[in-house]
2 protein chains.
Amino acid sequence: MNWIKIDEAAKITGITKRAIRYYEEIGLIHPPERSDGQVRLYTDEDVKQLKRVVDAKEVLGFSLQELQHFLSIKERVLEHKDQYESTKDTTIQQSELEEIAVGLKEQEKMLQQKMEKMKSFQEELKDLIQKVDSLLNV
Amino acid sequence: MNWIKIDEAAKITGITKRAIRYYEEIGLIHPPERSDGQVRLYTDEDVKQLKRVVDAKEVLGFSLQELQHFLSIKERVLEHKDQYESTKDTTIQQSELEEIAVGLKEQEKMLQQKMEKMKSFQEELKDLIQKVDSLLNV
DNA sequence: CTTTACTATGACGCGAACGTCAAAGGTCCC
DNA sequence: GGGACCTTTGACGTTCGCGTCATAGTAAAG
């Protein structure tokens, strides 16, 4: 495995070291491994997750809390699927699954609305660009 | 004209009264008319503008400053177009127009990227919903 | 084993975007 | 015209998302 320290992880992702530690602090990313001396060591996977989280935050405008909520749901669902017949604590109750389904569908609806609004804003932007261009080409 | 006070405007738009006053304070919306006793009176147009501003903020994840910048550019461009042959102070210099064009095109590019990332996130969401549904229909 | 360069943790600071409260004044209805 | 209920301005408080020290420990090179 290729372990890197926080400074390199920061350089790769473009996120500051402080922000990375902060994301860990609020549970947005998994705490990475540590050296014997308590130094954080990141894998490629860790770095990927970091990038995805930041993308989602920037692009979707989700608050970090919302994002964390989504990620924990996702993990639990995937875990549930893998360990289908096990009876671990991580197993999700049927009733809870239904709630999750409702919540996710709600999210998808909101995302859809967001994208539509973005489109109309994009149109407006294009219009404005056209107008500016026509003013320039006289 | 149908004048409404801030409380009704707040109820219509879903924005708090404090936020509306704040938006006015930082120049995000035009100061509305006032009664003799200094009470803010909003028209339908004002309410529309409020909605659009908030939409843009929520959907695009713009900071209020960025948004204000965009709105002021837009207004000045439109004004420029109307008063084409006038020599008012509001007229935009050629050089400035070019800068604006560059800035707007940059914005459009970023918007495009955002929308693409949103799409892929939407796919992920749909996947997850499918998985949950398949877990429910056993 | 020392030096040099990171790293960890804790604490305080900060700007944005409001919330909240107080004091003073405005509106409207009977 | 006198309450009951808004509104305004000002000021301070709060939360989020980090930035920025300060202090102390760690890693790697020579």
Side-chain angles (χ1 to χ4, degrees), chain A residues 1-43 46-47 49-72 114, chain B residues 1-43 46-47 49-72 114:
Chain A
M1 271 265 200
N2 187 28
W3 303 99
I4 62 175
K5 292 197 261 183
I6 198 168
D7 189 56
E8 205 179 331
K11 271 166 191 160
I12 293 175
T13 59
I15 310 164
T16 67
K17 295 186 276 184
R18 177 62 173 96
I20 294 178
R21 292 199 195 97
Y22 177 68
Y23 294 157
E24 184 188 334
E25 190 185 328
I26 64 173
L28 203 58
I29 55 176
H30 297 297
E33 296 295 309
R34 299 274 188 138
S35 74
D36 291 356
Q38 288 300 90
V39 169
R40 269 169 266 252
L41 298 174
Y42 298 88
T43 68
D46 290 335
V47 172
Q49 207 213 347
L50 243 176
K51 274 186 188 163
R52 290 194 56 256
V53 162
V54 171
D55 264 22
K57 179 200 144 209
E58 285 180 356
V59 169
L60 305 173
F62 280 11
S63 78
L64 301 183
Q65 273 198 19
E66 290 171 307
L67 200 53
Q68 183 202 13
H69 186 225
F70 171 76
L71 290 177
S72 78
K114 271 199 179 188
Chain B
M1 271 262 201
N2 187 29
W3 303 99
I4 62 176
K5 290 198 262 181
I6 199 168
D7 190 57
E8 207 178 330
K11 273 166 191 160
I12 293 174
T13 58
I15 310 165
T16 66
K17 294 186 276 184
R18 177 63 172 94
I20 295 179
R21 291 198 197 99
Y22 178 68
Y23 294 158
E24 184 187 336
E25 190 184 328
I26 64 172
L28 204 57
I29 55 175
H30 297 296
E33 295 295 309
R34 299 275 188 138
S35 75
D36 291 355
Q38 287 302 89
V39 169
R40 269 170 265 252
L41 297 175
Y42 298 88
T43 68
D46 291 334
V47 172
Q49 208 215 344
L50 244 178
K51 275 186 186 163
R52 291 194 55 256
V53 162
V54 170
D55 265 21
K57 179 200 145 207
E58 285 180 355
V59 169
L60 305 173
F62 281 11
S63 77
L64 300 184
Q65 273 199 19
E66 290 171 306
L67 201 53
Q68 184 202 12
H69 186 223
F70 172 76
L71 290 177
S72 80
K114 270 198 179 187

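All chains are named by letter (A, B, ...) in the order of the sequence lines, taking the proteins before the strands, and each is independently numbered beginning at 1. Computed over heavy atoms, backbone and side chain alike; hydrogens, waters and symmetry mates excluded.
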Quiz item: At what distance, to the nearest 0.5 angstrom, does CD1 of A:I20 lie from CG of A:L28?
Solution: 12.0 Å
Quiz prompt | salt_bridge(A:E24, A:R18) N-O dist < 4.0 Å | solution = no
Quiz item: Residues from residues 31-40 of chain A sitting under 4.0 Å of DNA chain C, heavy atoms only?
Solution: A:R34, A:Q38, A:V39, A:R40
Quiz item: With respect to the phosphate group of D:dG17, does any side-chain polar atom (N or O) of A:Y22 fall under 4.0 Å of OP1 or OP2?
Solution: yes
Quiz item: Are the side chains of A:V53 and A:I29 in touch, meaning some heavy atoms are under 4.5 Å apart?
Solution: yes
Practice problem: With the side chain of B:K5 defined as its heavy atoms from C-beta on, choose the nearest nucleotide among D:dC18, C:dT27, C:dT7. | Solution: C:dT27
Quiz item: Would you say the side chain of B:V47 lies within less than 4.5 Å of the side chain of B:I4, judging by non-hydrogen atoms?
Solution: yes
Exercise. Compare all side-chain heavy atoms of B:V39 with those of B:K5 and state whether any distance is below 4.5 angstrom.
Key: yes
Quiz item: Over how many whole Å does the gap from A:I6 atom CD1 to C:dC6 atom C1' extend?
Solution: 11 Å
Exercise. Working to the nearest 0.5 Å, report the span between OH of A:Y23 and CG of A:L50.
Key: 8.5 Å
Practice problem: Please report, rounded to the nearest Å, how far the P atom of D:dT7 is from the CG atom of B:L41. | Solution: 10 Å
Quiz prompt | Gap between atoms CD1 and C1', on A:I26 and D:dG17 respectively (whole Å) | solution = 8 Å
Practice problem: Enumerate the residues from residues 12-21 of chain A whose closest heavy atom to DNA chain D is under 4.0 Å, giving them by residue number; use none for an empty result. | Solution: A:T16, A:R18, A:A19
Quiz item: Rounded to whole angstrom units, what separation is found between the CD1 atom of B:I4 and the P atom of D:dT7?
Solution: 11 Å
Practice problem: Figure out the CD/C1' separation between B:E24 and D:dT7, and round it to whole Å. | Solution: 13 Å
Exercise. Check whether any side-chain N or O of B:Y23 sits under 4.0 Å from OP1 or OP2 of C:dC18, and answer yes or no.
Key: yes
Exercise. Indicate yes or no: does A:E8 engage A:R40 in a salt bridge with an N to O separation below 4.0 Å.
Key: no
Quiz item: Does B:E33 reach the side chain of B:D46, with side-chain heavy atoms less than 4.5 Å apart?
Solution: no
Quiz item: Is any side-chain N of the basic residue among A:D7 and A:K11 closer than 4.0 Å to the acidic one's carboxylate O?
Solution: yes
Exercise. Can you tell me the distance, in whole Å, between the CG atom of A:D7 and the C1' atom of C:dT4?
Key: 15 Å
